[in-house]
Amino acid sequence: MRTYHLTTFGCQMNEHDSERMKGMLDSLGIREVGAREEADLILFNTCSIRESADNRFLGNLGEAKRLKSEDPGRVVGVGGCWSQSMKERVFEQFPFVDVAFGPGQIPKLAEFLTSESLTAQGYFEFEGFSGHLPMKREREFHGWVQVSVGCNCVCAYCIVPSTRGREVSRAPGDVLAEVERLAADGVREVTLLGQNVNSYGRDLPKEQKASFAELLAAVDRVEGIERIRYTSPHPKDMREDVIRAHAELPALCEHIHLPLQSGSSRVLKAMKRTYNRERYLDRVAMIREHVPDCALSTDIIVGFPGETDEDFEATLEVVEQVRYDSAFTFIFSPRRGTSAAEYAEQVPYPVKRERMERLVDAVQRIAAERSQRFVGRTMDVLVEGPSRTDPARLRGRIRHNKTANFSGTAQPGEFARVEIDAATSTTLAGEERALSPLA
Ligand code: 5AD
Ligand code: SF4
């Protein structure tokens, strides 16, 4: 086997896992190719968060089946959350798949590929962190750092606790050692990852105990790391020490992703989110008090079973009150094995659709208004490369996590001072004034 092609679906944790897979395949001497039909090894890293994620993947898997029937020497491997939720049924329903593995099983891929006989195999037990594996970074100056895996929540809609298992925190020393390695390798921004990232540390043994706020402070001290982000936190675990850290730690960015899911306390209860609307709004008030300019983003689900017009109006009210800089909005999708999939009062699709449209309108209007506060300001932009729409311009991100397109001469990995002259709901535009002192 000489070449591979990997398609990644889903969240940042999957992007991280894919970077590990690529690093591992590279070290086995298998080379990445850009087209699936050129690959001896066709890999997928899958997601199962909504039905649409399943469908997208299954369309791609159909192509792999065709390619394999043309050349039976090809190997097809499926990793990630969809695999984990299907387990052995992967092979019953898709017999052309050679290897299937869950999110905690990336090291097993190497074991499979280097074994004598490539007979169909499934690996679904969580075995440990992949931090020791090589990593092939998608963005040279940015590193994902896994601080925990799994999730102990029981949100009624979510498939993740069943695909990624119970929460396990990584020892703080291991996390720091990895951040130091990344910094030595030229990384300037890290994103700490956990399915419930801010409950980090609660399961650690006494001699290794560290809270999430302590971990942030330790990462902030690493020389060369200029920006720290993290995802995804849970509002129930958003403590004052973490919010204060955003004001106090120079590298910790002015952006917090705080998944709301619903603005109705009744629905939040049915979702088993363990906070209500007031507690959520208290967290937001605390963030605004300590970090007035902080960008806030969120996730919202419409059409959760039993959601009434009144409940939905409550969500719109919270959106108007908080004024998010951006929001990911989802139509509820029943997932196998979750309790909400069994609830009797499913909301009819046209109602979900209509609520979604109203929500998206509100979210976009507010995000566009919020963006205007950057116009006229000069912001630090970490340059990522050429602009996607105009290759003569540059693209990067400000600390508040908005993309900025600008004209200038800075190089990828440098920080540019960019004067913002226009803003839409999603992007900023401007001109480079000078390289930042950080550059
Ligand atoms: N249906 C719709 N959206 C969902 N999410 C998680 N599970 C579901 C589901 N069954 C959304 C939540 C979560 C985000 C990653 O995906 O908003 O925060
Ligand atoms: Fe998809 Fe969730 Fe798995 Fe991420 S953790 S890949 S979002 S199902």
Side-chain angles (χ1 to χ4, degrees), residues 8-17 45-57 80-82 84-85 103 144 148-164 167 191 193-199 229-238 255-264 267-268 270-275 277 280 283 296-307 311-312 315-316 318-319 322 324 326-343 345-349 351-353 355-357 359-360 363 401:
T8 307
F9 302 89
C11 62
Q12 290 97 334
M13 194 66 94
N14 262 21
E15 286 180 39
H16 160 272
D17 290 350
N45 195 7
T46 60
C47 169
S48 232
I49 194 86
R50 283 169 293 277
E51 204 183 345
S52 54
D54 281 6
N55 294 340
R56 245 194 326 273
F57 158 63
C81 289
W82 175 86
Q84 184 69 37
S85 74
W144 304 112
S148 63
V149 293
C151 181
N152 291 352
C153 298
V154 288
C155 303
Y157 50 82
C158 190
I159 198 169
V160 174
S162 75
T163 64
R164 294 206 180 238
E167 187 173 320
T191 303
L193 291 176
Q195 237 61 52
N196 181 358
V197 73
N198 57 342
S199 71
R229 305 183 187 279
Y230 57 85
T231 200
S232 262
H234 192 302
K236 79 173 165 59
D237 297 311
M238 202 51 168
H255 168 227
I256 297 179
H257 184 70
L258 202 62
L260 170 67
Q261 312 302 2
S262 168
S264 152
V267 172
L268 287 169
M271 287 176 164
K272 303 204 171 61
R273 287 291 286 172
T274 71
Y275 56 86
R277 171 191 173 117
Y280 183 91
R283 295 294 102 178
L296 276 174
S297 59
T298 198
D299 292 341
I300 300 171
I301 298 176
V302 299
F304 186 79
E307 183 188 70
D311 292 320
F312 176 65
T315 297
L316 284 180
V318 173
V319 167
V322 174
Y324 293 103
S326 75
F328 298 101
T329 51
F330 307 106
I331 288 183
F332 171 74
S333 163
R335 304 314 293 136
R336 50 186 169 277
T338 63
S339 53
E342 311 299 323
Y343 290 178
E345 303 166 80
Q346 298 290 331
V347 176
Y349 187 75
V351 176
K352 289 187 192 171
R353 193 69 265 160
R355 286 181 189 165
M356 179 72 160
E357 280 167 21
L359 178 62
V360 168
V363 159
N401 208 31

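In this text, all values refer to a predicted model and were calculated from it rather than measured experimentally. Atoms within each ligand, like the ligands themselves, are counted from 1 in listed order.
Considering backbone and side-chain N/O atoms, R335 never comes within less than 3.5 Å of an N/O atom of ligand 1.
Counting heavy atoms closer than 4.0 Å to ligand 1, residue F330 contributes side-chain atoms (C-beta onward) but none from N, CA, C or O. Under 4.0 Å from ligand 1, not a single heavy atom of T338 appears.
Side-chain contact between F304 and T315: absent, with no pair of heavy atoms (C-beta onward) separated by less than 4.5 Å.
Atoms of ligand 1 lying under 4.0 Å from at least one heavy atom of F332, given by number and element, are 1 (N), 2 (C). Set against the non-hydrogen atoms of D299, the atoms of ligand 1 under 4.0 Å away are 13 (C), 14 (C), 15 (C), 17 (O), 18 (O). Near R50, the atoms of ligand 1 lying under 4.0 angstrom from a non-hydrogen atom of the residue are 1 (N), 2 (C), 3 (N), 4 (C), 5 (N), 11 (C), 16 (O). Near Q261, with a cut-off below 4.0 Å to any heavy atom, the atoms of ligand 1 are 12 (C), 13 (C), 17 (O), 18 (O).
Relative orientation of the H234 and Y275 rings is perpendicular, given thresholds of 30° and 60° on the angle between their planes.
Between the T163 side chain and the Q84 main chain, no donor and acceptor come within less than 3.5 Å of each other.
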Step-by-step side-chain contact (heavy atoms from CB on, under 4.5 Å) determination, V363 to Y324
CA-CA 7 Å; V363 159; Y324 293 103; 5.9 Å; no
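Ion pair D299/R50 not flagged as a salt bridge, since none of the NZ, NE, NH1 or NH2 atoms sits closer than 4.0 Å to an Asp/Glu carboxylate oxygen.
Within the 4.0 Å heavy-atom cutoff, I331 counts among the residues contacting ligand 1.
Annotation for E357: atom CD counts as buried by contact number, over 12 foreign heavy atoms lying within 6.0 Å.
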